[in-house]
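Shown next, in structure tokens, is the structure this report addresses.
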Amino acid sequence: MKIFLDTANLEQIKEAVSWGIIDGVTTNPTLCSREKQDFNDLIQSICEKVPGPVSVECVETQAPEIVNEAKKHCQIAENVVVKIPICVEGLKATKELFSEGIHVNTTLVFSPPQALLAAKAGSRYVSPFVGRLDDISSDGLALVEQIIPIFNNFAFETEVIVASIRHPMHVVEAAMMGADIATLPFGSLEKLVKHPLTDKGIERFLDDWEKVKQSMGKKPS
Ligand code: G3P
């Protein structure tokens, strides 16, 4: 499964990329608003740091304007993927952009038919928001479980980005379902690495290694 970082923070991106396990980044207007930096400069800096696709959201609401905005985003860097919320105008724009070879990530997906229509329009990625569904007492991962066989049934090449991830079990379940990608905030990524027994085990090995060092060079009595 590919792992994307869901942030526009350059420090977090630099750190996570250095771990060697980041395949891409997803941003949105909310994440960009936290960075207090010129938008184009920010996206350019992100794209230079990331060895893979960087999703950049369109905020226009009519298809022709969405298409223009998407093309402007794509001029920033080669690895830009345009993020477009699922809606009728978004589908029209996606179809047009697909015909021009521009990769689209259809975002704010909350139902299987939305994902199906996005795939039919030519989206490269769909982003079901699992956490936001869980937040309203719905089952976010059940949506992913429905989308994957739908795409498999018809051999859509559209990849599923499990988004709005809140905790490690979202990632585990998504991986077990065979989701192509999970995009997660830096805090959730850190949690994937940690296990208390690993920390305890490392501590004990380091303590015991001190004893080994002390006995080095000593002859057996
Ligand atoms: O990038 C889109 C998505 O992951 C946002 O997550 O936490 O705002 O629901 P969240």
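Because the structure is a prediction, the values reported are computed rather than measured. Order of appearance sets the numbers: ligands from 1, and atoms from 1 within every ligand.
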task = Looking only at distances, please establish whether an N/O atom of ligand 1 is found under 3.5 Å from an N/O atom of K83.
result =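 Among all N and O atoms of K83, at least one is under 3.5 Å from an N or O of ligand 1.
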inquiry  = Tell me the protein heavy atom at minimum distance from atom 4 (O) of ligand 1, and give that distance in Å.
reply    =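 I find the closest protein heavy atom is D6 OD2, 2.5 Å.
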ask   = In terms of residue, atom name and distance, what is the protein heavy atom nearest to atom 2 (C) of ligand 1?
value = F129 CZ, 3.3 Å
For [X], the ligand 1 atoms whose distance to one of its heavy atoms is below 4.0 Å:
X	value
R166	7 (O), 9 (O), 10 (P)
N28	1 (O), 2 (C), 5 (C)
R132	5 (C), 8 (O), 9 (O), 10 (P)

message = Please compare S164, P185, A163, A182 and report which has the shortest non-hydrogen distance to atom 9 (O) of ligand 1.
response = S164
Output yes when [X] and [Y] qualify as a salt bridge under the 4.0 Å nitrogen-oxygen rule, no when they do not.
X	Y	answer
E203	K200	no
E157	R124	no
E69	K72	no
K194	D199	yes

inquiry  = Between F186 and I13, is there a side-chain heavy-atom distance shorter than 4.5 Å?
reply    =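 A side-chain contact is absent here, since even the closest heavy-atom pair is not under 4.5 Å.
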task = Give the contacting part of E57 toward ligand 1: side chain, backbone, both or neither, where contact means a heavy-atom distance below 4.0 Å.
result = neither
query = Please walk me through it: do E60 and N68 pass side-chain hydrogen bond (donor to acceptor under 3.5 Å, both in side chains)?
reply = CA-CA 9 Å; E60 292 290 351; N68 287 339; over 6 Å; no
